[in-house]
Structure formats: structure tokens, C-alpha cells
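Just so you know, residue 1 is the first one in the sequence shown, and it goes up from there. Computed from a predicted model, the values in this text were never measured in an experiment.
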Amino acid sequence: MGRLLSVQIWLWGLVLFSLLVSIYVTFVVGIYIGTKPVGQTAISTIGAPLKWVKRTIVGDRAILNDGVIDRLLERIVDGEGVGNLAFIGDPNPDFVGIQLKSASLASALPRDVTPKQNPTSLRELLTVTPLRTIPTVLREHTVASHQEYFVHSFDFGWTKAKFFSESSEINDCISVIVPGSGFDQSVQVIERRGYHGTLIDEFPCQALVYIRPNNSVRQIVYEGGRADFAYLYSTLIAMNSIYSYWYLQELIETVSALKADGKFVIIGGISQGGAAATWVGAVTDADVTVILSGIYDFTEGVLTNQHQIHIPGIMQFSNLESIGWQFVNRDVVISFGKNDLPLFRHEAQFRTVCMAFSRHVVRLQCLIHDGGHTYPPNLKEALNNALSGRHTD
């Protein structure tokens, strides 16, 4: 009898313990999913036991799939911080960019990519009224063949912005597509692979897919390996610059050059690509700006990690009303998914961004869809409406 009672007590104890663990895991995961960027330090503290369990089981490595772990573990090959190629998609031997003679990145980076020195900084552009007085000197535009598509290079002297395209000609109507986060996403966009899906087919006109620095044909190579992103990011800071400004400035210059040549320009993207399109569209004469799960109420906090857009002082320009005001008399298409990531799912429910923009942007299309972190099913229709001058609510 005593032994049976002990077994029952042990079983009930196990059930109670399992129940408590389940409640704890559900609570922590729920907070991680539902919280906004602010408060992440507190959430990390609460979730420390889960992190300890994870480290005990799999070590300090990130939980990644498809063999990415093994490649990433070998990225740092020497004390200078330059690492092996870490392709997310299929490796392509043709993707060879700048070849460094030493591990130093200084010779490969533009030295004037800094809001404090460059005459077309976001700070200056966003405090000038009227805007769109961007001095752009396009030295040269060249096209090189790359398999079934082409590489367009816009030489602005301080840097050469590069884009993939399925055409060698620059037409009168251009869609500039900015890929979201991840290595070599421009390749995946133009090849209809990865999380962008067939986004390129939703945009009208000729599509130019932007290639961020240190990606695909623009990668910085040392002894057969791509420069580690953290090393690149830190080196730019040491040079009084920042990675985000480098690539936003290239997009600003490109859109401005296309507009100066009389082109009709659409700029857009998903996620970080949508965030970049927001800033570029705000300070240029882009005819249509397409922001797909890429904007939220910045005053509530910002997304962390080096792969997001971070520029010193940008928060002072991040009021949604102020951003919306920049798009007066131009077209804006914004979308959020009801099953999107937390920040954007919140926007799909409460429409904070859409309401703020609607007070200034007459030609605004706000598309709320049932999907996740992707483009809406009626995107092509919305862009055709903007292109033809017909607009729907």
C-alpha cells in the first residue's frame, strides 16, 4: 500500500511538474511572439532557463537548418575577422566580387559614405523644404551579361550600385526592387526562389533588383572567402560611416538618376526592402513607393541586429505623420498580413501606419491580407492602378 502511494505521489508530482513547465514555456514563448521591440532585455532574462536548456542540449550554436551551421562555424578563419563564403542559396562560382590583397577592408570601402560628410545625407534631405533637390552625378551606366540576365552598374564616382535585370536596356518605366534580409537575396528574387517568391512578377515595367554591398557579384573576397558581415559593419563604423547609409545612399542616387533621365520609377520591397523603400521614396521623386511589411511605429522601438537599417539620428525623422507628409501628391502602396510577424501583425489589426499616412497621402492604397510576411495577392492590381492613375481604397 505504501509503495503504491509513493508511486501515485511520484506520478502526480511528475504531472504537476510537466504542467508547470508547459505553462512556463507557453508564457515565455507567448511573450517573445507578442512583445514589441521594447522590453526585450527583460524578456531575455525571463527566458534564461530555456536558453540554458537549449545550450545544454545543442551547445552555443544557433539552431539552423540545411547544413548552414557547419558553414557558419567556419566563417571566422583568422584574427582579422574575414570568413568563408556562407551562401544561403546554391553556391555560384560566378559570384566573385572585389578581391582583397590583405584582410583590411579599408581599400574596398567608399570613404565618404557618412551622413556627416556626404551632401545628400538623410539628415539634410529630411530637413530641407521642398525636398527632391538631390545632387546626383552619374558618371557612367554599364551593362554586363550574367547567365540569363544582366548586371546594371550605375557609377556615381564614390561607389558603383549594381542591379540584376532580365533586360539589357533601361526602359521608360522602371521598378526598383529592394531585397529583404539575408545573403544573396537579389539572386533569389530574380530567380523566383526563397521567401520573396514571385514578387518580381508582381511589379510592372522593367525590374531592376538591387544587390546590396557584399552580396552576390558585389561580395568582398579575401583568400577565397567573403568578408564577414560583422567585420564589414564594424570597419565602416571605425571609418565614421555605417552600412545602412551606404546602401540607402546608392538607392537614393539611382532613383534620382533615373528620374533625372525622365523615367517613371517604382521602388519597393518586402521587410527590410520595404523599410529601405520607405526612406528612399521619402527623399526622392520616386513615382510609386511600395512598402510590404516594412514600416511600423518607430517611436515604439526599433528592430535590433546589424542586418536591420540603423543610421545615427534617424529616429528624429521617424514620426509616421512626418514620413507620410513626404509622399504628398505621390502614390504609396502599403501592405500587412494578419499572420505576419508581431510588429506588422499589430499594424494589420490597428492600421496605425495606414491611418497616419492617409492624413497626407491622397493616393494611398493600404492592403491588409490574410497571409504572413509576404506580399498581398492583389499587389499587381494595386500597382497597375497606380501606374494607370486609377486608385482604389
When Ile, Leu, Val, Met, Phe, Trp and Tyr are grouped by side-chain heavy atoms lying under 4.5 Å apart, directly or through other members, which residues fall in the same group as Phe350?
none
On a heavy-atom basis, which atom in Val217 and which in Lys162 lie closest, and how many Å separate them?
CG2-CD, 4.3 Å
Counting only N and O atoms by type, is there a donor-acceptor contact under 3.5 Å from the side chain of Asp261 to the main-chain atoms of Ala257?
no
How about Trp279 and Ile323: do any of their side-chain heavy atoms sit closer than 4.5 Å?
yes
Quick check: does any side chain N or O of Arg212 sit under 3.5 Å from a backbone N or O of Phe183, one acting as donor and the other as acceptor?
no
Applying salt bridge (charged side-chain N to carboxylate O under 4.0 Å, His left out), can you list everything that pairs with Asp155, at least two apart in sequence or on another chain?
none
Considering residues at least two apart in sequence or located in another chain, which fulfil the side chain to side chain donor-acceptor pair (under 3.5 Å) criterion with Gln349?
none
Ionic contact status for Lys338 with Asp370, cut-off 4.0 Å:
yes
Lys/Arg N to Asp/Glu carboxylate O, Asp285 vs Arg330, below 4.0 Å
no
Heavy-atom pair of closest approach, residues Ser293 and Thr374
OG-O, 4.2 Å
What I'd like to find out is whether the side chain of Phe164 reaches to under 4.5 Å of the side chain of Val187, using heavy atoms alone.
yes
If we only count heavy atoms from C-beta on, is the Leu379 to Val290 side-chain gap below 4.5 Å?
yes
With Thr284 as reference, evaluate Val265, Thr289, Thr254, Ile252 under the side-chain contact (heavy atoms from CB on, under 4.5 Å) test and give the passing residue.
Ile252
Please list, chain by chain and in numerical order, all residues satisfying ring-ring contact (aromatic ring centres under 6.0 Å, His included) with Phe154, sequence neighbours excluded.
His141, Phe163
His373 meets the ring-ring contact (aromatic ring centres under 6.0 Å, His included) criterion, sequence neighbours left out, with Phe344
One thing to verify: whether Arg139 and Glu253 come together as a salt bridge, which I'm taking to mean a side-chain N less than 4.0 angstrom from a carboxylate O.
no
What residues, two or more places apart in sequence or in another chain, satisfy salt bridge (charged side-chain N to carboxylate O under 4.0 Å, His left out) together with Arg359?
Glu321
Can you list the steps and then say if Tyr375 with Thr198 is a side-chain hydrogen bond (donor to acceptor under 3.5 Å, both in side chains)?
CA-CA 10 Å; Tyr375 61 86; Thr198 56; 2.9 Å; yes
Between Phe156 and Leu138, is any pair of side-chain heavy atoms under 4.5 Å apart?
yes
When you measure from the side chain of Glu347 to the backbone of Val353, do you find a donor-acceptor pair of N or O atoms at a distance under 3.5 Å?
yes
Kindly give the heavy-atom pair with the smallest separation between Ser167 and Phe150, and that separation in Å.
C-CD1, 3.6 Å
Taking Ser271 for the side chain and Gly273 for the main chain, is one N or O donor matched with an acceptor at less than 3.5 Å?
no
Are the side chains of Leu248 and Val280 in touch, meaning some heavy atoms are under 4.5 Å apart?
yes
Under 4.5 Å between side-chain heavy atoms, counting indirect links through other Ile/Leu/Val/Met/Phe/Trp/Tyr residues: same cluster for Met355 and Ile334 or not?
no
Can you find a heavy atom in the side chain of Leu232 that is under 4.5 Å from one in the side chain of Leu109?
yes
Nearest-0.5 Å distance that lies between atom CG in Leu383 and atom OG in Ser388
10.5 Å
Would you say His196's side chain and Gly180's backbone share a donor-acceptor pair under 3.5 angstrom?
yes
